[in-house]
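Throughout, numbering of the chain's residues begins at 1 and tracks the sequence.
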Amino acid sequence: MEKAERRVNSPIAGPAVQKLYSWFGSMTKLMMQHLYSLFFYKGLIYMVIGFLLGRAFILSEVIPFALPFFGAMLLIKKDKAFLACLALLAGALSISPQHSLFVLAALFAFAICSKMTSLIIKDRVRTLPVVVFLAMAVTRCGFVYAEYGTVSGYHYIMAFVEAGLSFILTLIFLQSLPIVTSKRAKQSLKIEEIICFMILIASVLTGLTGVSFQGMQAELILARYVVLAFAFIGGASIGCTVGVVTGLILSLSNIGNLYQMSLLAFSGLLGGLLKEGKKFGAAVGLLIGSLLISLYGEGSAELVPTLYESLIAIGLFLLTPQSITKKVAKYIPGTTEHAQEQQQYARKIRDVTAQKVDQFSNVFHALSESFATFYHSAPDDEGKEKEIDLFLSTVTEHSCQSCYKKNKCWVQNFDKTYDLMKRVMQETEEKQYFKNRKLKKEFHQHCSKSKQVEALIEDELTHFRANQTLKQKVHDSRRLVAEQLLGVSQVMADFSREIKREREQHFIQEEQIRDALQHFGIEIQQVEIYSLEQGNIDIEMSIPYCNGHGECEKIIAPMLSDILEEQIIVKAEQCAGHPNGYCHVAFGSAKSYRVVTGAAHAAKGGGLVSGDSYNMMELGTGKYAAAISDGMGNGARAHFESNETIKLLEKILQSGIDEKVAIKTINSILSLRTTDEIYSTLDLSVIDLQDASCKFLKIGSTPSFIKRGDQIIKVQASNLPIGIITEFDVDVVSEQLKAGDLLIMMSDGIFEGPRHVENHDLWMKRKLKSLKTEEPQEIADLIMEEVIRTRSGLIEDDMTVIVIKLDHNTPKWASIPAPAFFQKNQEIS
């Protein structure tokens with residue numbers, strides 16, 4: 001079709017040909033729309049189904065299809081129920097008048113029973129099968145009594161069978177008719193819905209019993225077409241199931257069609273198995289299956305009609321547009337089209353979710369900018385003058401308004417009066433007015449109520465200071481909100497990017513890994529590669545039950561390490577619950593470095609409560625953080641301040657917010673929380689375990705030291721402690737660590753603890769250089785012990801020391817080479 005369009009749209013094709021092609025396409029589309037409207041909106045499809053179900057019967061005399069169809073239509077598609085009723089009567093009349101009369105009587109009995117039942121139970125869905133059962137039983141018994149004058153036990157049994165089948169068919173039609181009557185909102189059909197739909201189709205085909213041409217029966221042709229179509233769409237299992245169901249229904253209508261169940265089931269199985277050969281392969285499967293069963297069942301006498309029936313069914317199948325088969329395949333689980341539909345649906349949900357997260361991120365960013373704009377807009381000179389004017393107006397309102405010299409001061413000498421009062425206010429605010437005798441004398445000579453005005457200014461300044469303090473608190477609160485909103489916006493933006501990260505297609509690499517592992521003798525059920533990015537490998541596998549032998553960790557991960565030329569470990573493993581099941585394993589990149597830590601901690605005077613708090617935590621982004629906080633003073637209050645700092649830091653860092661934003665946020669919270677002169681220091685180190693880079697954020701803390709062999713590197717920064725000022729910039733120091741480095745962090749109790757030491761840096765470097773051990777815990781204990789020894793065994797301040805050793809992350813199991821796939825390994829990497 002695309003080639004044809006390109007050919008028609010080419011410059012060689014004349015305008016007339018293009019116009020004709022466009023007219024033909026528009027007419028075809030218009031005709032399809034009219035047919036769809038005629039069948040589904042006008043109700044022609046329901047009339048066709050009703051007509052055929054009105055003709056359908058089984059066991060030569062049982063008519064269980066008509067009334068269940070009408071009842072289901074009355075419940076599901078009430079506006080088309082009258083058309084269905086007329087179609088049922090017309091179909092029954094095409095068989096015999098007696099047949100039509102029975103259907104009409106059953107409809108009347110249904111109306112009466114339905115009316116009586118609705119007076120007792122309002123739920124029509126639950127009562128419908130029961131009403132159909134009663135109506136069919138009463139109608140059949142009435143007809144038998146009218147014909148024979150009596151009802152024997154056999155007739156009662158047949159009436160019960162007919163009513164029971166109608167009861168079951170009502171439940172089936174309630175499940176299957178919505179598939180025809182409404183557009184599917186669901187993404188897939190359950191296997192029960194597929195079987196119910198097949199029973200509906202087989203019941204409709206039963207209505208074609210007796211329609212034949214040259215010995216070829218219409219119901220058998222269409223039955224094979226249906227089986228072939230579903231075998232091609234759903235595979236062997238669906239094809240075989242459809243064949244069994246369709247053959248069973250057809251054999252009930254005509255005992256001569258009993259062998260059709262075997263023919264259709266076997267043909268559906270072969271057609272599904274050969275579906276990889278496209279339509280031609282499925283058609284060959286039907287042809288072989290029908291020929292084999294015909295030769296076995298009826299012999300060569302029925303071979304030619306069976307062959308013709310199969311060929312006609314194959315012709316109808318080949319003429320079926322591919323768009324229809326693909327559309328049906330979307331609703332059948334297990335098909336490629338269904339999987340693509342599910343992926344597309346999941347992709348839509350993902351895109352919508354990511355879009356919503358982006359919108360929230362933009363909202364938070366806009367709010368942050370709004371608060372930040374207000375925060376950064378410092379009051380100008382005009383604003384300060386307005387504040388002074390407001391202050392002086394409040395003072396003069398209670399003093400100058402009732403003064404007899406008001407006109408002289410504020411009309412004749414406005415500038416001098418205003419300047420004097422302004423200077424008095426400023427000097428009083430700075431507590432210098434009573435020392436400034438010259439200004440005081442000048443003001444007393446100018447103002448007749450100088451003492452009253454001075455008292456008012458003193459009193460009003462108290463309110464003015466309180467108001468300014470409140471404004472500053474509000475200002476700081478806005479700054480805190482701006483920074484927090486910006487941090488949340490960044491986290492949500494990162495989350496949105498993670499959602500949008502779609503699984504890449506790595507079909508070739510998956511095959512190479514599967515071949516390499518199977519060549520080694522490991523059976524792999526499924527391999528899914530989500531990422532081959534260096535340092536971010538993400539692979540999932542399904543392997544047979546290993547009985548807890550650890551094949552994933554001991555064999556598969558080392559082989560993947562060799563194949564991908566990167567250390568791979570087992571991130572998660574879900575073992576099978578039984579020997580025939582499969583284990584699901586997730587493999588990922590191991591961190592290039594690992595840390596070993598040690599810590600020593602002591603409270604002042606050997607007490608239980610220390611003003612120091614520390615924590616070492618692994619962040620989810622492949623980073624490791626260590627922090628020490630020293631609260632001002634000692635005891636419970638200092639411990640509370642430092643502990644709150646550490647807890648806030650841990651929560652904020654684990655949320656993904658940047659380290660600098662986290663520290664500024666903590667500073668704002670602690671400075672706004674209390675008016676007391678309480679502060680705490682913070683010493684934070686964040687190590688990237690992939691490249692060994694380290695960030696140091698030191699807020700009023702002592703220096704840290706890096707021991708690299710005999711070399712000692714000092715790390716320090718000049719930042720005030722948290723809580724002293726409400727606004728500050730965090731100074732970040734970066735260092736590149738190496739394998740074997742020792743990072744020593746300490747509080748001031750350790751660094752400034754040794755007695756009679758003038759140069760603490762030199763003393764600490766000498767002690768670290770003299771250490772003979774590289775075990776972090778031993779180093780921490782030795783440093784603590786040395787400081788206490790210099791104090792003659794006294795602990796005069798809270799002391800904390802943390803030691804972190806950085807090493808290469810040596811794998812637990814060595815990589816296993818796969819030499820047969822060396823060339824493939826190069827392609828993967």
Side-chain angles (χ1 to χ4, degrees), residues 339-340 342-347 349-351 353-354 357 491-518 520 522-544 546 550-576 582-594 618-624 654-656 687-692 808-816 818 821 824-829:
Q340 292 174 351
Q342 293 293 312
Q343 291 177 0
Q344 185 177 1
Y345 178 74
R347 194 176 296 115
I349 296 297
R350 182 208 63 195
D351 292 341
T353 305
V357 174
V491 171
M492 296 188 78
D494 294 339
F495 180 55
S496 175
R497 282 193 292 270
E498 286 294 320
I499 294 175
K500 292 176 182 177
R501 189 169 66 96
E502 189 172 358
R503 176 177 179 258
E504 300 177 14
Q505 302 298 325
H506 299 288
F507 298 117
I508 298 176
Q509 290 88 342
E510 288 174 0
E511 279 298 320
Q512 291 172 353
I513 290 176
R514 184 183 289 108
D515 291 343
L517 295 176
Q518 288 181 349
F520 198 76
I522 301 175
E523 181 184 353
I524 300 296
Q525 175 69 15
Q526 185 179 7
V527 178
E528 291 184 354
I529 299 177
Y530 292 93
S531 173
L532 287 177
E533 181 185 351
Q534 191 75 16
N536 191 29
I537 301 293
D538 190 1
I539 301 175
E540 292 186 3
M541 291 187 188
S542 296
I543 64 172
C546 62
E551 294 178 1
C552 303
E553 182 184 16
K554 301 174 183 176
I555 299 177
I556 299 178
M559 288 193 66
L560 290 176
S561 300
D562 181 75
I563 293 171
L564 301 173
E565 298 182 354
E566 182 178 345
Q567 186 182 342
I568 306 298
I569 59 173
V570 176
K571 294 196 300 184
E573 184 175 6
Q574 183 179 359
C575 291
Y582 287 88
C583 301
H584 300 283
V585 191
F587 298 92
S589 299
K591 300 178 180 65
S592 301
Y593 295 88
R594 64 183 179 91
E618 188 166 348
L619 306 180
T621 55
K623 297 180 180 179
Y624 190 86
Q654 288 180 344
S655 70
I687 305 173
D688 192 323
L689 297 179
Q690 289 294 347
D691 58 9
H808 285 298
N809 191 12
T810 306
K812 184 177 179 181
W813 300 91
S815 60
I816 301 176
F821 293 87
K824 293 182 179 181
N825 299 348
Q826 298 300 321
E827 296 176 5
I828 291 177
S829 60

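- Shortest non-hydrogen contact noted between Cys552 and Pro558 is O-CD, 4.3 Å.
- No side-chain heavy atom of His584 sits under 4.5 Å from any side-chain heavy atom of Met541.
- Annotation: the span from Lys591 atom NZ to Asp688 atom CG amounts to 10.5 Å, rounded to 0.5 Å.
- Closest heavy-atom contact between Val570 and Ala557: CG2-CB, 4.5 Å.
- We find the CG-CD1 distance between Leu619 and Ile687 to be 10.5 Å, quoted to the nearest 0.5 Å.
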| message | Pair Val585, Ile556 - check side-chain contact (heavy atoms from CB on, under 4.5 Å), show working. | response | CA-CA 10 Å; Val585 191; Ile556 299 178; over 6 Å; no

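- A pairwise comparison of heavy atoms in Asp538 and Lys571 identifies OD1-NZ, 3.8 Å as the closest pair.
- Not counting sequence neighbours, the partners of Tyr593 by the ring-ring contact (aromatic ring centres under 6.0 Å, His included) test are His808.
- Every residue two or more places apart in sequence or in another chain that forms a side chain to side chain donor-acceptor pair (under 3.5 Å) with Asp691 is listed here: Ser693.
- For Ile569, the side-chain contact (heavy atoms from CB on, under 4.5 Å) partners at least two apart in sequence or on another chain are Gln567, Ala590.
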| task | Test Leu689 against Asn809 for side-chain contact (heavy atoms from CB on, under 4.5 Å), laying out the working first. | result | CA-CA 9 Å; Leu689 297 179; Asn809 191 12; over 6 Å; no

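- The side-chain heavy atoms of Leu564 and Ile539, taken from C-beta on, include a pair separated by under 4.5 Å.
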